[in-house]
Amino acid sequence: MCGIIGYAGSREPVGVVSEALSRLEYRGYDSSGVAFFDKKGSISVVRASGKLSRLVEALQGATGLPGAAIGHIRWATHGAPTEENAHPHRSGPIVLVHNGIIENERALRRELIGEGCVFSSETDTEVLAHRIHRAYREEGDLQAAVRKGLSGVEGSYALAVMCEESPGQLVAVRKGAPLILGEAEGEFFAASDIPAFLKWTRRVMPLPPEVLAILSPEGLSLCRLEDGQPVPAVFEEVPWDPVQAEKGHYRHFMEKEIFEGPRAIIDTLEGRLAEENSRVILPELLRLGPNPTEIVFVACGTSYHAGLLGRLMIESFSPISVRVEIASEFRYRPLRARKGAWVIGISQSGETADTLGALELARKEGYLTVGITNVGGSSITRETDATLLTRAGPEIGVASTKAFIAQVTLVWLLALYFGRRESPEVRESLAALVRSPARLEGFLGSVDSSAIERMARQVLDSRFVIFIGRGMDYPLAIEGALKLKEITYRPADGYPGGELKHGPIALVERGVLVVAPLADSSLRPKEMSNIREIEARGGTVLTIGPASPDPSDPSPSFPLPACQGWDGVFLASAVLQLLAYRAASLTGNDVDQPRNLAKSVTVE
Ligand code: F6R
């Protein structure tokens, strides 16, 4: 939640920081602000509530002196999304931006008020500005002031701090929340995510927790927050292409990212198939020793749905039993997994607080942990025993699409990895996985957009949309419902087909639409009987799947090519994603930045 950017370099900084904020807009969009040195050499702070375009208007014609500048885009946690609560926050010469939550804010605020401090916002962040300002008065040095001001602060933070008395210098530090450094010729960046500065550099370094970075156009140095001991800086080049973080000819990032699904599969398979594609290799897992006795997937939202598919896939090919847990529930229960179990967190961002909390619990209980994430260097990669990267590239649309496809690719790979290599089913499934990107690409290239449009209009004309499915189609159904509600704001829910009779069928009447993905051929007859039950009660059913082997079954409303292995999961997901996308764009909603949501949920 929230995005921050810090810049130290010789360019005009207002333009750099505003552009970086536009790449971070997916993280929050309640309000935003920047701080920079103006022509008089003082720090100017400009803030605006609402979307970033309001800030851009407020900044018309503003230019800053080369040197340090900071920016923030907010997803409100403490205090309403007003201009007063927007960042940067200031206390004397200290101006800062913050992503995270200060847990002992109340106690710290009381203490500061007792000392005569006057607050001008309701945010937890302002507490940090006052504390660092007080420390600066004693220390006379920004780096020492940040270290002192943060001692005793509990919670999570990524901060970029500037001081009116040290133009050109910027201090960045993190604990819990992400912060990535970028390095280019004579300039440095510190941002919540790489796309913020990808236009200027691909040389990145995730800032380690509780390490302070001091950035200036002349150079960068790092030291430990606790004792000021130096820490070496090691930058690496990310393979991301800046164009990947642009919309290109698409209207929205979400649309572009749906069409990047095939590339996400190819890149996620890269280097993981050996011996002419007849064997899966996951060298990342070798250091964990023997295969697990049990797998517990922990995740939230769409990533949880990928875990549900993973369970079905892994249990098809190996004797390993698999549990899938919603991270926010799991983390407050006794773990009780078998000895030798692995707890695998799935997280696109690698920063979801609940998933990280669940993994921390597992580690404390002595289990091996694995992170499946799309963001190299994210917190999950540092806090687990092994990392498996999905390689979907930057996902900017808040609703996850290509990252989900990459997660499904990875859990499919895991199923094959744990399966018996000699088994004909495993071999066939591997061949289907290898063919799947080309099949998905061909499918997306020929998708009938008028049929999607018709379905989208039916969705919008319905009072309620129910998604149903059994087997593999159940995770697809709840993912389809999630996608639809998060971007259209229309009531929708997903159920296992067999559960309908136990309650939800009471919702069915004329005017209620049911969407049924039919990618799992093994349960088709059962799914068809659920569909007949709905139609008998006046509901309209839209089916998405290949033609049924039973000629007496009606043709699917949206036909898919015959599925190979589990690739129907990719094809049906693409249709469900396009359906939600099209319906949302017809409503005129902001598809890439749906209300109340943020891309990385770094708070509980
Ligand atoms: C929905 C969506 C969210 C995320 C969830 C977990 O489209 O994107 O439900 O899947 O917030 O996020 P990550 O995967 O980053 O842990």
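Numbering of ligands and ligand atoms starts at 1, following listing order. Index from 1, following the sequence.
For the residue pair Gln348 and Ser303, no side-chain donor N or O sits within less than 3.5 Å of a side-chain acceptor on the partner.
Taking the six-membered ring for Trp, Tyr367 and Trp342 have ring centres at least 6.0 Å apart. Note: Phe404 and His305 fail the aromatic proximity criterion, with ring centroids not under 6.0 Å apart.
Against a heavy-atom cut-off of under 4.0 Å, Gln348 is close to the following atoms of ligand 1: 13 (P), 14 (O), 15 (O), 16 (O). Against a heavy-atom cut-off of under 4.0 Å, Lys483 is close to the following atoms of ligand 1: 1 (C), 7 (O). Residue Ala399 approaches ligand 1 through these ligand atoms, each under 4.0 Å from one of its heavy atoms: 7 (O). Residue-ligand proximity, Val398 to ligand 1, at heavy-atom distances under 4.0 Å covers atoms 8 (O).
In terms of protein heavy-atom proximity, atom 7 (O) of ligand 1 is nearest to Glu486 OE2, 2.5 Å. Among protein heavy atoms, the minimum distance from atom 5 (C) of ligand 1 is reached at Cys300 O, 3.7 Å. With hydrogens left out, the protein atom closest to atom 15 (O) of ligand 1 is Ser349 OG, 2.7 Å, a heavy atom. Among protein heavy atoms, the minimum distance from atom 4 (C) of ligand 1 is reached at Thr302 N, 4.1 Å. Here the protein heavy atom with the shortest distance to atom 11 (O) of ligand 1 is Val601 CG2, 4.1 Å. Regarding atom 16 (O) of ligand 1, its nearest protein heavy-atom neighbour is Thr352 OG1, 2.4 Å.
Ion pair Arg331/Asp354 flagged as a salt bridge, since at least one NZ, NE, NH1 or NH2 atom sits closer than 4.0 Å to an Asp/Glu carboxylate oxygen. Between Glu210 and Lys175, none of the side-chain N atoms (NZ, or NE/NH1/NH2) sits under 4.0 Å from a carboxylate O, so this pair counts as no salt bridge.
Residues satisfying the salt bridge (charged side-chain N to carboxylate O under 4.0 Å, His left out) criterion with Asp590, sequence neighbours excluded, are Lys51. The side chain to side chain donor-acceptor pair (under 3.5 Å) test applied to Glu351 returns Ser379, not counting sequence neighbours.
Geometrically, Arg174 does not engage Tyr157 in a cation-pi contact, judged by NZ or CZ lying under 6.0 Å from the ring centre and within 45° of the ring axis.
Residue Thr401 places no heavy atom under 4.0 Å from ligand 1.
One N or O on the side chain of Asn374 and one on the backbone of Gly393 form a donor-acceptor pair closer than 3.5 Å.
Checked against a 3.5 angstrom limit, the closest N/O atoms of Thr355 and ligand 1 fall outside it. For ligand 1, none of its N or O atoms has an N or O atom of Gln407 under 3.5 Å away.
Neither the backbone nor the side chain of Glu351 has a heavy atom within less than 4.0 Å of ligand 1.
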